[in-house]
Structure formats: structure tokens, C-alpha cells
Protein chains: 2
Amino acid sequence: MIFTVRRSRLQVLLIERGNQPYLGQPALPGGFIRDGETLDEAALRELSEETGLDGRTLHLEQLRAYSDPDRDPRGRVITVAYLALGPDLPLPVAGTDAAAAHWEPVSSALADDTSLAFDHAAILRDGLERARSQLEHTTVAAAFCPEPFTVGDLRRIYEAVWGFSLDPSNFRRKVTRTEGFLNPTGERRSSETGRPAALYRRGAASLLIPPLLRSGEVSS
Amino acid sequence: MIFTVRRSRLQVLLIERGNQPYLGQPALPGGFIRDGETLDEAALRELSEETGLDGRTLHLEQLRAYSDPDRDPRGRVITVAYLALGPDLPLPVAGTDAAAAHWEPVSSALADDTSLAFDHAAILRDGLERARSQLEHTTVAAAFCPEPFTVGDLRRIYEAVWGFSLDPSNFRRKVTRTEGFLNPTGERRSSETGRPAALYRRGAASLLIPPLLRSGEVSS
DNA sequence: GCAAAAGTGTTACAAGTACACCCATGG
DNA sequence: CCATGGGTGTACTTGTAACACTTTTGC
């Protein structure tokens with residue numbers, strides 16, 4: 001399950017199924033583990049086969065196992081779902097399975113419960129919740145930002161994943177106060193409008209202390 | 001991985017292996033999934049087979065999958081670990097596999113990295129961290145308490161799992177203020193010494209809002 | 001100048017920490 | 001009476017929410 005933020009919306013990579021069952025329906029990319037491979041390695045390999053992306057440059061974590069005996073009509077298949085987060089990624093290379101891959105906003109993928117193949121809607125819901133929760137306690141949000149990035153870029157990641165607006169000044173204070181979250185480059189970037197913003201790169205810290213909780217939402 | 005709190009210490013159920021490999025060494029209980037079964041059902045079945053406990057009366061949750069190809073010398077075995085939390089449980093019934101089952105403090109099971117079979121030391125470490133984290137955000141600690149229980153009982157669960165002492169008065173305020181955590185029974189219980197304590201049963205809430213963070217530790 | 005985004009300051013409030021203190025029981 | 005754990009009150013500190021305000025750019 002590969003997430004990115006494009007045009008201020010959280011999007012997920014879906015493929016169109018080329019085989020039965022669920023022929024032609026969108027699904028999460030995936031595949032089978034091989035002998036001698038860990039699940040982490042299999043996830044990285046599938047990621048690269050289906051999208052051409054080098055998984056070592058993005059955040060990858062295990063979500064959980066799905067084991068309903070009827071989840072695949074062909075027979076017993078247990079899936080261990082993985083979550084990958086990356087910056088606004090290039091459209092997938094037309095690889096073997098990737099021909100029909102495309103980005104879709106998570107909200108629209110979840111709008112109709114039966115639009116995704118298998119139990120992928122449930123997996124996607126779990127992954128969305130995990131991503132939202134991870135933003136509170138870790139610095140993974142920076143994995144969504146192409147470097148260098150501004151505090152505003154980072155804030156728009158949080159807003160896209162959480163689905164509501166944050167107070168820019170309070171957000172700024174919180175992330176700049178957390179030691180090791182942002183490394184200042186000393187450079188600035190001008191956009192079409194407004195004052196130029198300071199540029200940062202990802203810091204070494206991976207945990208957010210104190211956490212950045214999503215309780216304080218502002219009417220979007 | 002079955003946790004309980006006995007004599008104010010967090011303990012884990014270990015079995016002594018009756019077969020090769022790791023013959024005679026302690027290990028976490030487990031088994032293989034069957035056709036037509038979900039992983040949750042398999043975990044419940046193994047729990048009952050090995051301990052005689054009815055899993056529906058305790059808290060059970062999936063931890064994660066372990067997939068190193070060399071983790072089992074007999075060949076490729078992928079394990080999906082589960083975590084069960086329960087009140088001071090009776091010593092396991094002498095069932096088929098359970099003859100050599102016993103409770104052991106988690107700290108001593110982890111003291112020597114090679115005392116447990118397979119990669120079970122790593123699994124146990126992950127499970128301990130999950131349990132500690134769950135106590136911060138959910139009401140599962142009450143699953144460790146035989147009903148009815150006192151605020152002091154509940155506090156001693158937190159102290160056993162987190163491994164340090166808490167301020168009794170502040171703890172009391174936090175858990176009693178959280179709507180739906182504790183249902184007062186109106187009864188009291190006298191112990192050998194001190195003022196009798198009010199008795200409670202588990203409430204309906206499963207999430208702790210605000211969380212009960214383990215940052216504020218008191219020198220144990 | 002004006003709009004827009006970056007960035008600073010400040011006040012009000014919620015929650016947590018530390019600790020003093022009272023309560024009720026067994027011995 | 002005293003020791004012990006239950007339970008209440010409170011001053012202090014930390015973090016957050018809300019929002020006013022200044023800065024710096026493009027048009």
C-alpha cells in the first residue's frame with residue numbers, strides 16, 4: 001500500500017487487475033513471497049517490480065496480517081500488508097504488472113466499499129489509520145516531502161493525511177522545537193506569493209517527543 | 001505470548017520444548033494454522049489447547065509477522081505472533097503440550113538473549129513494548145485484574161508492566177476521571193492494612209482519552 | 001498598495017507533577 | 001497509639017489553542 005501526497009491530497013497507488021478474480025477492478029499492488037526471502041524483502045521487491053521505485057528511499061513498515069479463509073476466492077491466501085510512504089512520486093514506470101497503475105485519492109478509493117478487489121478496502125482503511133497515527137508520534141511525515149522542504153510543505157502533509165487544517169503558527173513552533181526533526185539548510189525559497197520560507201532537510205530523530213496530537217483540529 | 005501479573009511482576013507463559021530443535025529449552029507456546037481458520041481463531045485454539053483457558057475472557061491481539069527464512073532450522077516457517085493479556089491465571093492445565101508450561105517473569109526470560117528457542121526473545125521484546133504502549137492508550141490494563149478490583153490493584157498492574165512506581169494520588173485522579181474506564185460497584189474491600197478501597201469493574205470504554213503516558217516516572 | 005504566506009508574541013486554559021494533608025482500618 | 005494504604009486538595013509547571021501582529025515577497 002503505497003501512499004503519497006499529490007496536489008494536497010493523500011493518494012494511494014492502485015493497479016487494475018489483469019486476471020480473474022476481480023478482473024478489471026482496482027486493487028492494491030502485491031505479490032507472493034519467495035523462498036529465502038523475508039517479508040520485508042518481498043515487499044521491497046514487489047514495490048520495485050510494480051512501480052520501479054527504490055524502496056530504500058522511502059519509509060516502509062509492516063501493517064498486519066489478513067487471514068480470512070474466504071478473502072481470496074481462488075483459495076487460502078494469507079496477506080501480510082505493508083505500508084510505504086514517499087514524496088510526490090513519479091507516475092509508475094510501465095513495468096510488467098504496472099501498466100495499469102495509477103494514483104487515486106484515498107477518500108475516493110474508500111467512498112464505495114466494493115470498488116476495491118478482495119478485502120483491500122479494509123486493508124486500506126487500516127493503513128490510513130496507521131499513517132494518521134504515525135504522524136502523531138514519529139517524523140515520517142518528512143518522508144512525504146521532497147527535499148529540501150519548508151515548514152509549510154510539511155504542514156500541508158499533515159493536513160492532507162489528517163483531513164483538516166492546522167494553525168500555521170502553532171504547527172511551526174511544535175516542529176521547529178522538536179530536536180532533530182528538521183535540519184535548516186540556511187537557504188530560502190520564494191513561491192508565487194508570500195514571504196520566502198526557510199528550507200529544511202529531514203533530521204535524525206524518528207520519534208516525536210512530545211507527540212503532535214490530532215485532537216486540536218481547526219474547522220477546515 | 002500470554003502475559004499475566006502475579007506477585008506484582010509481569011510474567012509470561014513458557015513451555016519446555018519436547019522435540020528438536022531446541023529440545024528442552026523454554027519457548028513461547030504456539031502452533032500451526034489449519035485450513036478454514038483465521039489467524040485469530042488459530043490463536044484462540046492454541047491458547048485453549050495449551051493452557052485450557054477460554055480466550056474469549058481475555059484480551060487478544062495480533063502483534064506482527066516474523067519471517068526470517070532461517071528462524072526455524074527445520075525450514076521455512078512464518079509466524080504471526082499474538083499477544084494475550086489476562087488476570088492472574090490458574091497454572092495451566094496439564095494438557096497435551098502443556099505439561100511443561102510455567103509462568104516466568106518477563107525480565108528474567110529476557111535476561112539471557114539465548115535462553116529462549118528460535119527468535120522468541122525478539123518476539124517477547126516486541127510484545128513487551130506493545131503491552132507497555134497499549135497501557136498508555138487503552139484500558140486493557142483492566143484485563144489483568146480479576147473483578148472486582150481497586151484503583152490500587154490497577155496501579156500495581158501499570159507498575160509491574162512499566163517497571164517503575166507511579167504516584168498513587170495522581171494515578172487515581174487520571175483513571176477515575178476517564179469516563180467509562182471504571183464502573184464503581186459501591187462495595188469496599190478491606191485488606192490487612194490501611195483504609196478499605198472502593199471496588200470497581202471494567203467499564204465500556206476501550207480507549208484512554210487523554211492517554212496515560214509513561215513519561216512521568218517516579219524513582220522506583 | 002494589496003494579497004498572501006512566513007514567522008513572532010501573547011494570553012487563556014487544560015493537563016500533568018510533586019507533595020502536603022486527611023481518612024479509615026488492623027494490630 | 002501507630003503503620004499503612006486510600007483518597008482529597010493545591011501550588012507549580014508544561015504544553016496547547018486561539019489569535020493579534022509583524023515581515024517579506026509577487027503583482
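Just so we're on the same page: letters track the sequence lines, and every chain starts at 1. All values below were derived from every heavy atom in this structure, side-chain atoms included, with hydrogens, water molecules and symmetry-related copies excluded.
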J.: Might you list the N or O atoms of the protein lying below 3.5 Å from N or O atoms in nucleotides 10-12 of chain D, with each pair's distance?
T.:
{"residue": "D:dT10", "atom": "O4", "partner": "B:R173", "partner atom": "NH2", "Å": "3.2"}

J.: Which of residues 189-201 of chain A sit near DNA chain C, with a heavy atom under 4.0 Å from it?
T.: A:T193, A:G194, A:R195, A:P196, A:A197, A:A198

J.: In whole angstroms, how far is the P atom of D:dA18 from the NZ atom of A:K174?
T.: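 That distance rounds to 10 Å.
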
J.: Could you give the CZ-to-P distance, from A:R177 to C:dG7, as a whole number of Å?
T.: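 Interatomic distance, CZ of A:R177 to P of C:dG7: 16 Å.
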
J.: Report for the helix from C:dG1-D:dC27 to C:dG27-D:dC1: angle between first-end and last-end helix axes, five pairs each, rounded to 10 degrees.
T.: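 Nearest ten degrees gives 10° for this helix.
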
J.: Where do B:R9 and B:S107 come nearest, in terms of heavy atoms and distance?
T.: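 Result for this residue pair: NH2-OG, 3.6 Å.
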
J.: For DNA chain D, determine which residues of residues 137-160 of chain B have any heavy atom closer than 4.0 angstrom to one of its atoms, and list them numerically.
T.: B:G152, B:R155, B:R156

J.: Have A:T79 and A:R71 got a donor and an acceptor in their side chains that come within less than 3.5 Å?
T.: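 Short answer, yes.
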
J.: Taking atom C1' of D:dT8 as reference, at what distance in whole Å does atom CZ of B:F171 sit?
T.: 17 Å

J.: So which pairs with a foot in residues 177-190 of chain A pass salt bridge (charged side-chain N to carboxylate O under 4.0 Å, His left out), sequence neighbours left out?
T.: A:D153-A:R189

J.: B:L182 CG to D:dG6 P: how many Å, rounded?
T.: 14 Å

J.: Could you check how far CG of B:L166 sits from C1' of D:dG5, rounded to whole Å?
T.: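 For the pair B:L166 CG and D:dG5 C1', the rounded distance is 15 Å.
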
J.: Who passes side-chain hydrogen bond (donor to acceptor under 3.5 Å, both in side chains) against B:T114, sequence neighbours left out?
T.: B:D112

J.: What pairs with B:F149 under ring-ring contact (aromatic ring centres under 6.0 Å, His included), at least two apart in sequence or on another chain?
T.: none

J.: Atom CG of A:D167 and atom P of C:dA6: how far apart are they, to the nearest Å?
T.: 12 Å

J.: Going by salt bridge (charged side-chain N to carboxylate O under 4.0 Å, His left out), name the pairs with one or both residues in residues 199-211 of chain B, residues two or more places apart or in two chains.
T.: B:E147-B:R201, B:E147-B:R202

J.: Taking side-chain hydrogen bond (donor to acceptor under 3.5 Å, both in side chains) as the definition, give me every residue that meets it alongside A:D40, ordered by chain and number, with sequence neighbours left out.
T.: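 Result, side-chain hydrogen bond (donor to acceptor under 3.5 Å, both in side chains) vs A:D40: A:Y82.
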
J.: Please identify each residue that fulfils salt bridge (charged side-chain N to carboxylate O under 4.0 Å, His left out) with A:D126, with sequence neighbours left out.
T.: none

J.: Please determine whether a side-chain nitrogen of the Lys or Arg among B:E49 and B:R45 lies less than 4.0 Å from a carboxylate oxygen of the Asp or Glu.
T.: yes

J.: Does A:S191 have any side-chain hydrogen bond (donor to acceptor under 3.5 Å, both in side chains) partners at least two apart in sequence or in another chain, and if so, which?
T.: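 If we apply the side-chain hydrogen bond (donor to acceptor under 3.5 Å, both in side chains) test to A:S191, skipping adjacent residues, there are no hits.
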
J.: Mind checking ring-ring contact (aromatic ring centres under 6.0 Å, His included) for A:Y66 and listing every partner two or more places apart, or none if nothing turns up?
T.: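 Expected list: none.
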
J.: Flag the pair A:R130 and A:E136 as a salt bridge only when some basic side-chain nitrogen lies within less than 4.0 angstrom of an acidic carboxylate oxygen.
T.: no

J.: Write down the distance between CG (A:L213) and C1' (D:dT14), rounded to a whole number of angstrom.
T.: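 Interatomic distance, CG of A:L213 to C1' of D:dT14: 14 Å.
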
J.: Scan side-chain atoms only and decide if A:E104 and A:S108 contain a donor-acceptor pair under the 3.5 Å cut-off.
T.: yes

